[in-house]
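All remarks here apply to the structure that follows.
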Amino acid sequence: MSKNQSIGVFLSEEKIKSRVNELANQINKDFQNQEVVIVGVLNGSFIFCADLVRALKIPATIEFVSLSSYEGTESSGEVSFRMDVKQSLVGKNVIIVEDIVDTGLTITFLMKHMKLKNPKSLKLCSLLLKRARLKIEVPVDYLGFDIEDKFVIGYGLDFDGKYRELPYIGVYGE
Ligand code: IMP
């Protein structure tokens, strides 16, 4: 029996792939003839980011940042930086790529920090959003799926470091 056999499909591989391509097409259109800096938020967005950048047709450089994240399934609300971008973002078109916006505290912290770097434009692309859980308003420029309040795993998302390798998104415990 495979280790992940018991986890049901919430968003299938096909559904994710098609939505990621739609998001990339929108970005291609919005930044036609321009260059972008893609900033992936580790660890959760690494797979989404890899698929998204491969569907982009515009020139892009790719960076990653690392922030403190969840302990178990509840957000501590405390955010700190572990790793920042390595290039100057002054005058650049920056797109932050996140796996999921839950309370919105993590991304709000990051967007504020990135704004201080004086980019030409700053956009947020998130694969998932749990709108019902938001504690602060977060404008998501490119959103994959608006989902209900469930703890999801797979396609980069983890529970205690596990299940990131699942090719689809499932609900933990269902
Ligand atoms: P926020 O600060 O509450 O918006 O939390 C965002 C971060 O919490 C995400 O980048 C994920 O790392 C983690 N997170 C929130 N909800 C989930 C979930 O349902 N599954 C896995 N990780 C989650």
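Ligands are counted one by one from 1 in listed order, and the atoms in each one are counted from 1 as well. Note: hydrogens, waters and symmetry copies are ignored here, and every other heavy atom, side chains too, is used.
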Answer with yes or no whether [X] contacts ligand 1, where contact means a heavy atom under 4.0 Å from a ligand atom.
X: Arg133; answer: no
X: Ile153; answer: no
X: Ile100; answer: yes
X: Val138; answer: no
X: Gly44; answer: no
X: Lys135; answer: no

So for atom NZ, which belongs to Lys15, do other residues, nucleotides or ligands contribute more than 12 heavy atoms lying within a distance under 6.0 Å?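 Count not over threshold, so no.
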At less than 4.0 angstrom from any non-hydrogen atom of Glu98, what atoms of ligand 1 do you find?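 Here the atoms of ligand 1 in question are 10 (O).
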Could you tell me, atom by atom, which parts of ligand 1 come under 4.0 Å of a heavy atom of Asp158?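 Within the 4.0 Å cut-off of Asp158, ligand 1 contributes 21 (C).
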Using the side chain to side chain donor-acceptor pair (under 3.5 Å) definition, which of the options Gln87, Glu35, Gln34 pairs with Lys92?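 Among Gln87, Glu35, Gln34, the one meeting side chain to side chain donor-acceptor pair (under 3.5 Å) with Lys92 is Gln87.
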Test item: [X] side-chain N/O and [Y] main-chain N/O as donor-acceptor pair under 3.5 Å:
X: Arg164; Y: Gly154; value: no
X: Arg133; Y: Val101; value: no
X: Asp99; Y: Leu157; value: no

Counting heavy atoms only, name the option from Tyr172, Tyr163, Phe159, Phe151 that's nearest to atom 17 (C) of ligand 1.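 Nearest option to atom 17 (C) of ligand 1, by heavy atoms: Phe151.
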Answer side chain, backbone, both or neither: which part of Thr106 comes under 4.0 Å from ligand 1, heavy atoms only.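 Looking at Thr106 and ligand 1, atoms from backbone and side chain both fall under 4.0 Å.
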Answer with side chain, backbone, both or neither: which part of Asp99 has a heavy atom less than 4.0 angstrom from an atom of ligand 1?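 Contact part for Asp99 vs ligand 1: side chain (C-beta onward).
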Please verify the inter-ring angle class for His113 with Phe81; under 30° counts as parallel, over 60° as perpendicular, anything in between as tilted.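 The rings of His113 and Phe81 sit tilted, inter-plane angle from 30° to 60°.
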For ligand 1, which is the ligand I care about here, please tell me if Val152 has any N or O atom under 3.5 Å from one of the ligand's N or O atoms.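 Between Val152 and ligand 1, an N or O pair is found under 3.5 Å apart.
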